[in-house]
Amino acid sequence: KEDVWGVIEAENPIGVVVAFGGQTAISLANFLVSRGVRILGTSAEGIDLAEDREKFDALLGTMGIERPRGEAVLTLEEALAAAERLGFPVLLRPSYVIGGQNMVIAHDEADVRRYMGVILSGGIENPVLIDKYMPGTELECDVISDGEQVLIPGIMEHVERAGIHSGDSVAIYPPRSLSPEMTEHVADCSRRLALALGTRGLVNIQYLIYEGKLYVIEVNPRASRTIPYLSKVTGVHMVDIATRVMMGASLAELGCPDGLLPPSPFYGVKAPVFSFEKVQDANSLLGPEMKSTGEVLGVGRTFKEALYKALAAAGFRFVTENGEPRRGVLLSVESRQLGEIAPLVRSLDGSGKLMFATPETADAIKALGYYAFDIGSVSHTADLGGFLERAGIGLVIIRGLVALRIVGNREFAVILIVLHTISSRFMLPDMRGAGARPSYVENTKTARNRNGSGLNFTVYSRACIIRLTIAPANRLT
């Protein structure tokens with residue numbers, strides 16, 4: 001606050017735009033207004049209406065728009081009582097946070113106690129939000145409003161189920177699984193919300209489709225990270241238009257249409273970029289807290305072409321050194337999700353993979369009538385490197401608290417894939433439709449051990465399941 005106020009005193013601006021500064025700038029809106037600074041675009045009251053849980057819930061109630069059931073709490077006791085009323089699993093998240101910081105999915109009372117301890121240790125000023133977690137399809141919609149008309153350039157659909165931070169997910173434009181009726185419903189809700197919040201400029205709305213119903217997850221009265229990608233694939237200069245609207249122009253004066261634009265004649269895929277190999281002790285399991293360090297865009301005439309370009313831009317090369325993929329797959333899935341692995345196991349077996357698994361997962365696979373080699377219990381993963389090489393494992397699927405870290409001084413072929421949830425419609429897509437390119441992925445990385453010695457390892461697997469293989473078939477094939 002002090003640094004920003006120092007700039008304000010030095011520049012004496014006629015107003016301040018907070019919509020392009022992310023959550024940090026949004027959090028400063030009330031402070032700036034209290035000092036007499038004019039907020040250009042959406043007012044501080046409109047921002048607070050979107051960020052304040054009780055006010056926003058009341059607004060949705062008057063509009064007849066649903067959102068996952070939730071409560072705002074300040075203490076551990078309140079959190080435990082709220083989780084009990086909502087039913088597990090629940091999503092815990094502080095309000096006014098950046099990048100999903102300290103957002104977690106709690107599956108039982110012990111999780112709530114542990115995660116609330118972490119959140120409360122930071123000395124929060126705003127309530128902790130607890131929502132009923134629904135593992136549905138997540139959508140993002142970026143909107144420009146002038147208070148009377150609403151321009152919706154497009155809708156992006158996440159490949160992963162809800163629960164993975166939007167910055168860590170793969171997003172597709174235009175959506176592949178939305179019916180015309182649901183698309184129209186999303187556009188209508190976006191329009192009504194933008195106008196109800198008094199938006200002048202940009203607003204980002206995140207939705208969830210669960211069991212055929214549309215829910216609002218949250219509304220961010222600011223530019224989101226998807227703005228440059230959506231601008232690129234739709235041809236709409238969103239930042240320029242939004243800035244002019246904030247300064248008083250209307251969408252009609254700027255020649256912009258009202259409502260949802262028709263989809264572009266090509267696909268766009270946004271993919272995240274991670275840097276886990278540079279931070280060896282980082283937990284690579286993905287969830288509501290953002291862990292990616294960048295994002296890239298692939299544009300193509302077909303979905304497969306766009307996906308290929310996005311993954312290639314993220315650093316993956318679709319060919320192995322010897323041109324042959326490794327057939328081994330190592331699986332370790334936590335107990336509560338073992339009942340969902342049948343489609344995944346059938347797909348792996350049907351594609352000729354050799355399955356290796358930790359004991360409980362191996363038993364579950366055998367109970368389905370398939371074979372998996374039991375590698376025994378793994379409490380420390382440092383010794384897995386040699387096994388991965390000897391067994392020819394090119395794919396590791398992990399869902400649990402164990403994070404695999406590769407150590408040693410030899411070259412391995414391994415891909416770390418985190419399963420946040422396992423889709424009941426999971427399948428392994430084939431990338432051969434993206435031209436004459438092989439359907440397997442290779443990426444050579446170099447990591448440094450604590451003693452400074454280098455470690456080279458090669459990463460390759462099926463292209464579409466490089467990182468989060470939780471994609472329903474109708475969105476990936």
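From a predicted model like this one, the values you see are computed outputs, not experimental measurements. Side chains included, hydrogens not; waters and symmetry mates left out as well; all remaining heavy atoms used.
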Engineer: Of all heavy-atom pairs between Pro89 and Lys132, which one has the smallest distance, and what is that distance?
Structural biologist: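 In terms of heavy atoms, the two residues are closest at O-CD, 3.7 Å.
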Engineer: Contact between Ser145 and Leu151 at the side-chain level, heavy atoms closer than 4.5 Å - yes or no?
Structural biologist: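 A side-chain contact under 4.5 Å is absent here.
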Engineer: Should the pair Arg176 and Phe303 be classed as cation-pi, given the thresholds of under 6.0 Å to the six-membered ring centre and 45° from the axis?
Structural biologist: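 Yes.
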Engineer: Is there a side-chain contact between Val90 and Tyr133 in this structure, where contact means two heavy atoms from C-beta onward sitting under 4.5 Å apart?
Structural biologist: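 The answer is no, as the side chains (C-beta and beyond) never meet within the 4.5 Å cut-off.
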Engineer: Once side chain to side chain contact (heavy atoms under 4.5 Å, CB included) is applied, do any residues pair with Lys213, and if so which ones, sequence neighbours excluded?
Structural biologist: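 Testing Lys213 for side chain to side chain contact (heavy atoms under 4.5 Å, CB included), a comparison that skips the adjacent residues, returns Glu66, Tyr215.
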Engineer: For Arg192, enumerate each residue passing the side chain to side chain contact (heavy atoms under 4.5 Å, CB included) test, keeping only those at least two apart in sequence or located in another chain.
Structural biologist: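 With sequence neighbours excluded, Arg192 shows a side chain to side chain contact (heavy atoms under 4.5 Å, CB included) to Met63, Ile65, Asp188, given in chain and number order.
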Engineer: If you look at every heavy atom in Val112 and Ala83, which pair is closest and at what distance?
Structural biologist: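 That closest heavy-atom pairing would be CG2-CB, 4.1 Å.
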Engineer: Would you say Lys270's side chain and Thr226's backbone share a donor-acceptor pair under 3.5 angstrom?
Structural biologist: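 No; judged by distance alone, with no hydrogens or angles, the pair does not exist.
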Engineer: Let's go through Met182 and Ile209 carefully: what are the C-alpha distance in whole Å and the side-chain angles of both, what is the deciding distance for side chain to side chain contact (heavy atoms under 4.5 Å, CB included) to 0.1 Å, and is it a yes or a no?
Structural biologist: CA-CA 9 Å; Met182 183 59 75; Ile209 298 177; 3.7 Å; yes
Engineer: To the nearest 0.5 angstrom, please state how far the CE atom of Met238 sits from the CG atom of Asp142.
Structural biologist: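 Result: 5.0 Å between the selected atoms.
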Engineer: Would you call Glu334 and Gln337 a side-chain contact if the rule is heavy atoms closer than 4.5 Å?
Structural biologist: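 A side-chain contact under 4.5 Å exists here.
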Engineer: Might you work through the side chain to side chain contact (heavy atoms under 4.5 Å, CB included) test for Met355 and Tyr370, ending with a clear yes or no?
Structural biologist: CA-CA 9 Å; Met355 287 180 279; Tyr370 300 93; 4.2 Å; yes
Engineer: Evaluate the side-chain proximity of Lys291 to His165: yes if any heavy-atom separation is below 4.5 Å, no if none is.
Structural biologist: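 They are not in side-chain contact.
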Engineer: Evaluate the side chain to side chain contact (heavy atoms under 4.5 Å, CB included) criterion for residues Tyr173 and Ile155: first the C-alpha distance (whole Å), next the side-chain angles of each, then the deciding distance (0.1 Å), finally the verdict.
Structural biologist: CA-CA 7 Å; Tyr173 168 88; Ile155 302 169; over 6 Å; no
Engineer: Hydrogens and angles aside, do Tyr207 and Ser190 bring a side-chain donor and acceptor to less than 3.5 Å of each other?
Structural biologist: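 Short answer, yes.
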Engineer: Using 4.0 Å as the upper bound for N to carboxylate O, is an ion pair formed by Asp48 and Lys55?
Structural biologist: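 Yes, charged N to carboxylate O under 4.0 Å.
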Engineer: How would you list, by chain and number, every residue that makes a side-chain hydrogen bond (donor to acceptor under 3.5 Å, both in side chains) with Asp349, sequence neighbours excluded?
Structural biologist: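 For Asp349 there are no side-chain hydrogen bond (donor to acceptor under 3.5 Å, both in side chains) partners, ignoring immediate neighbours.
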Engineer: Distance alone, cut at 3.5 Å: any donor-acceptor contact between the side chains of Gln149 and Ser250?
Structural biologist: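 No, because no side-chain N or O of Gln149 sits under 3.5 Å from a partner of the opposite role on Ser250.
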Engineer: Taking only residues at least two apart or on different chains, which pairs with a member in residues 249-260 satisfy salt bridge (charged side-chain N to carboxylate O under 4.0 Å, His left out)?
Structural biologist: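 Applying salt bridge (charged side-chain N to carboxylate O under 4.0 Å, His left out) to every pair that reaches into residues 249-260, excluding sequence neighbours, yields Arg191-Asp258.
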Engineer: Using side-chain heavy atoms (C-beta onward) and a distance below 4.5 Å, is Val203 in contact with Leu193?
Structural biologist: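 Contact flag for Val203/Leu193 side chains = no.
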Engineer: Please identify each residue that fulfils side-chain hydrogen bond (donor to acceptor under 3.5 Å, both in side chains) with Glu45, with sequence neighbours left out.
Structural biologist: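 Glu45 satisfies side-chain hydrogen bond (donor to acceptor under 3.5 Å, both in side chains) with Ser43 once adjacent residues are dropped.
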Engineer: Got a sec, which residues hit side-chain hydrogen bond (donor to acceptor under 3.5 Å, both in side chains) with Thr234, two or more places apart in sequence or on another chain?
Structural biologist: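 With neighbours one apart ignored, the set is empty.
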Engineer: Can you name the closest pair of heavy atoms from Thr62 and Leu59 and give their distance?
Structural biologist: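 Result for this residue pair: OG1-O, 2.6 Å.
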Engineer: On a heavy-atom basis, which atom in Ile26 and which in Pro221 lie closest, and how many Å separate them?
Structural biologist: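 Shortest heavy-atom contact: CD1-O, 3.5 Å.
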Engineer: Just so I know, are the side chains of Asp131 and Ile217 near enough to count as touching, which here means a heavy-atom distance under 4.5 Å?
Structural biologist: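 With C-beta onward as the side chain, the pair stays apart.
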Engineer: Before giving the answer on side chain to side chain contact (heavy atoms under 4.5 Å, CB included), spell out for Lys232 and Leu230 the whole-Å C-alpha distance, their side-chain angles and the decisive distance to 0.1 Å.
Structural biologist: CA-CA 5 Å; Lys232 183 77 171 181; Leu230 198 57; over 6 Å; no
Engineer: With a 4.0 Å cut-off on N to O distance, would you call Asp146 and Arg200 a salt bridge?
Structural biologist: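 No.
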Engineer: Below 4.5 Å, heavy atoms only, C-beta onward: do Cys141 and Val143 meet side chain to side chain?
Structural biologist: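 A side-chain contact exists here, since the closest heavy-atom pair is under 4.5 Å.
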